[in-house]
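Proteins get letters first, then strands, A, B, ... in listed order; numbering begins at 1 in each. In this text the structure is predicted, and so the values were computed from the model without any measurement.
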Amino acid sequence: MAQIAQVLVDVPTMQTNRPYSYQIPVAWQSQVTPGMRVVVPFGRGKRRVQGFVLKLDETTNYDGDLKAIDAVVDLAPVLNHEALEMTEWLAESTFSFRITCAQTMLPAVMRAKYEKQLRVTAQTTSTVQQTVFKDQTEVPFDDVATTPKAVSDLLRLQADGQVDVYYHVKNQARRKTQLAVKPLLTSSEFTEAETDVRAGATQQLALLKGLATLNGEVLAQKAFTERFGVSEATIRVGAKKGWLEKVAVEVYRDPYATSNIKPTKPLKLNDEQQVAVDQIVTAIEAPKTTTFLLEGVTGSGKTEVYLQAMAAALAQGKTALMLVPEISLTPQMVNRVKGRFGKAVAVLHSGLSSGEKYDEWRRIQRGEAQVVVGARSAVFAPLKNLGLIVMDEEHESTYKQDDAPRYHARQVALWRSRYHNCPVVLGSATPSLETRARAEKGVYQRLVLADRVNRRPMPSVSIIDMKKEMQQHAESNFSAPLLVALQDRLDRHEQSVLMLNRRGYSSFVLCRDCGFVLKCPNCDISLTLHMDTHTMKCHYCGHEEAIPRVCPNCHSRQIRYYGTGTEKVEEELRDLLPDARIIRMDNDTTRKKGAHAKLLAQFGSGEADILIGTQMIAKGLDFPNVTLVGVLNADTALGLPDFRASERTFQLLTQVSGRAGRAEKTGHVYIQTFNPDHYAIRFAKHHDYEGFFKYEMRMRHQGGYPPYYFTVQITASDLDEAVAAKRMYQLLQWLRPRLAPNTIILGPTPKPIARVNRRYYYQIVIKYKQEPNLKQTLTTLLHETQVQQRQGLQIGIDVEPLHFM
DNA sequence: AGCACGCCGACT
DNA sequence: GTCGGCGTGCTC
């Protein structure tokens, strides 16, 4: 019997990024298995932390005294064999801690919360009882230890044995239970009991009849009272008479319980779709680790291909995972999948409460759900026997996590497909260059849906040169042609969608006399005006202050807001088209849970003529009556110092164009831009992905960027700008001789937003073709910089970063 | 991370 | 002398 457990402890540092051996108490030796959470003592004090059992051993090569596991948190492993292996791989490939990776794979509520408490002991004197504990037996350490003096006093008391330090390791995961009625007699016994009750006791008779019909099954109390017309009071009487027992049964928090979803049937496929489905199904049945790139314009029926391929996986007795960008995980999308697969579907996205996420996760874990639809982190869904992984809109940057572990869901999906020996389908109308290039080389198998379902034509696109417009009209967000088109749609009772590209753009306050711009005191960026709260906010650190009435610099009253927010656009449009009914969708109006869906539903049912929004309206929505799409500022992202700016602009414009004319009415798109000749905009006008791909590949080749090179970004930040800069130059010196001669190192440069939260950021970008020792080199780097971490210097490594700013 | 240990200055 | 400041090393 294994008596030693290798435990990964919840202490995210470089030094503790390895398993520690613990003695398993005899009583638990048959119970503890790899993948379970445990509570272990760690460190010289009385600290206790949560940990994951990685493996069991008979022996250990640690020659000190082993400590023993304090508590076992789970009855069954929460990380299976696959997850444990994935932890190792993920930590190594993203340069993050194993414990962080393990926690990332689980619902947030399964992360332990720690509370340091002070407890009374037998030696506690009444004076201490009064001063420290008041009338409690336990107080939070931080409540008492407020000053250095108080801390040293407490330490003395602890040495005296007057107080005891205790760490609570709290599992936040809570199961929801419901009161239920459990019959204690058989049906015939209930029928017999009817003769025993007093004449006229109709309620009790109803209760007995009800209990008899249950045939021993447990039923929720609420359902029982409704079905049999018995009051709670009567149930209490029944419990007293020994007829029934009130029990708590576990229930899942089902976020979609009240929604009424109609079952859907598979649609008839066109030839291209059929070819795609056949190829994928062949790979599922083989089974074979194949990566498909399903390339299809908006409206070409990619989703139907996914659904039918997923159905094939289920038919094989396997499971299916479908990843969708957070933003397109709309009720429409969920309903479509739930309509096809019903109760087999679990949904995971950020809109769920933490309890709902936990319950959905458990349904998957227990094998009660065979289909998972979800955003980025759903890629870790504990599905067993995976038959297919689908990643819709694979080019979306939300698939990359911005903080540690900085993983890309696509990489995780590919890893899992190798583990399960199953195909992956990457779908997009505008694949990322990396993916499309791999398809070109034959690494991925390309499937193309060139036709739109029903042969609908693509919308026509007009490019409007805003430089010319500005010369002719006063400063306005709306060009003359766009306004005419909007008025025309109003007259014809058709709907319009207007998109304001917020990337690289914001409304800030500027003094027209001295040019002063109000900036965040902590960060290096201008504050954004929020009319809803009447404050200036920093989008990076959350700093908030009042809107200035006079310029803080020159005291002029000519301080105005500048730039464009959705609110300002809405205001202007109400002026220009007073009769139009307008709905605005942005972070402010959709913050509340369900607001997003509600606004879309309003627009869908024709309660408004025009929908104004940010990027969030570019995806997933499909309204047949929308015949006009306007992009107010196509090129704000083009000015950003990022080699992916063109790619993002092209993708966004193509995507938003797809919102026009999805039904029998043809659509028209107006793109307002200051760069009408930019290739990203020209190719978007002609819906020419191939043209864009070829052109952009040439640009990437010239610039030495992905997919021709791999990239790694190293960031250093410090409260002192000079320290951050100096360390980065030292790092460059250290790095250069360790890397191949043809590897390019860019920087160090201050990040475009150099200061965030009072810290100064510097970055180095490594571009390489072949660096077999890179992993080792960077790991060494992390180990060597950990000493300086104490002094406040933070080092971050991002493999294949998506944002270079 | 969080804790103990150890080495220096300024106080009862 | 000792209290407590912080730099350093270690956690099974």
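When the P atom of dA1(B) is taken as reference, atom CG of Asn17(A) falls 13 Å away, rounded to whole Å.
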**Per-nucleotide protein contact string for nucleotides 4-9 of chain B (B base, S sugar-phosphate only, - none; heavy atom under 4.0 Å)** = S-----
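Across all strands shown, Gln15(A) has heavy atoms under 4.0 Å from base atoms, whether or not it also approaches the sugar-phosphate. Using a 4.0 Å heavy-atom distance criterion, Asp65(A) is classed as a sugar-phosphate-only contact. Residue Tyr22(A) is classed as a sugar-phosphate contact, given heavy-atom separations below 4.0 Å to backbone atoms only. Arg18(A) comes within 4.0 angstrom of a base, heavy atoms only.
One N or O donor and one acceptor, one from the side chain of Arg790(A) and one from the base of dG2(B), sit under 3.5 Å apart.
Qualifying salt bridge (Lys or Arg N to Asp or Glu O under 4.0 Å) partners for Arg376(A), counting only residues two or more places apart in sequence or in other chains: none. For Ser96(A), the side-chain hydrogen bond (donor to acceptor under 3.5 Å, both in side chains) partners two or more places apart in sequence, or in a different chain, are Thr94(A). Remark: Glu360(A) engages Arg363(A) in a side-chain hydrogen bond (donor to acceptor under 3.5 Å, both in side chains) (not counting sequence neighbours). Applying the side-chain hydrogen bond (donor to acceptor under 3.5 Å, both in side chains) criterion to Gln789(A), with sequence neighbours excluded, gives no partner residue. For Gln791(A), the side-chain hydrogen bond (donor to acceptor under 3.5 Å, both in side chains) test picks out no residue, with sequence neighbours left out.
DNA chain C lies under 4.0 Å from no heavy atom of any residue of residues 92-105 of chain A. Of the residues in residues 142-153 of chain A, those placing a heavy atom less than 4.0 Å from an atom of DNA chain C are Pro148(A), Ser152(A), in numerical order.
Closest approach of Leu323(A) and Ala375(A) over heavy atoms only: CD2-O, 3.8 Å.
In summary, the side chains of Asn171(A) and Gln50(A) do not present any donor paired with an acceptor at a separation below 3.5 Å, with no hydrogens or angles considered. Remark: the Gln162(A) side chain and the Thr124(A) side chain contain no N/O donor-acceptor pair separated by less than 3.5 Å. Checking Ser350(A) against Glu326(A) by side-chain atom types alone, a donor-acceptor pair falls below 3.5 Å.
Within the structure, ring-ring contact (aromatic ring centres under 6.0 Å, His included) pairs that include any residue of residues 95-125 of chain A do not occur (at least two apart or interchain). Residues in residues 13-41 of chain A take part in these ring-ring contact (aromatic ring centres under 6.0 Å, His included) pairs, two or more places apart or across chains: Tyr20(A)-Phe42(A). Residues in residues 109-122 of chain A take part in these salt bridge (Lys or Arg N to Asp or Glu O under 4.0 Å) pairs, two or more places apart or across chains: Glu115(A)-Lys170(A), Arg119(A)-Glu138(A).
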**Derivation of the ring pair (Phe, Tyr, Trp, His ring centres under 6.0 Å) call for Tyr407(A) and Phe380(A)** = CA-CA 11 Å; Tyr407(A) 69 92; Phe380(A) 298 113; 5.0 Å; yes
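Running 5' to 3' along DNA chain C, contacts with non-hydrogen atoms of chain A at under 4.0 Å begin and end at dG4(C) to dC12(C).
Sequence order on DNA chain C of the closest nucleotides to Val787(A) and Phe42(A) puts Val787(A) first from the 5' end.
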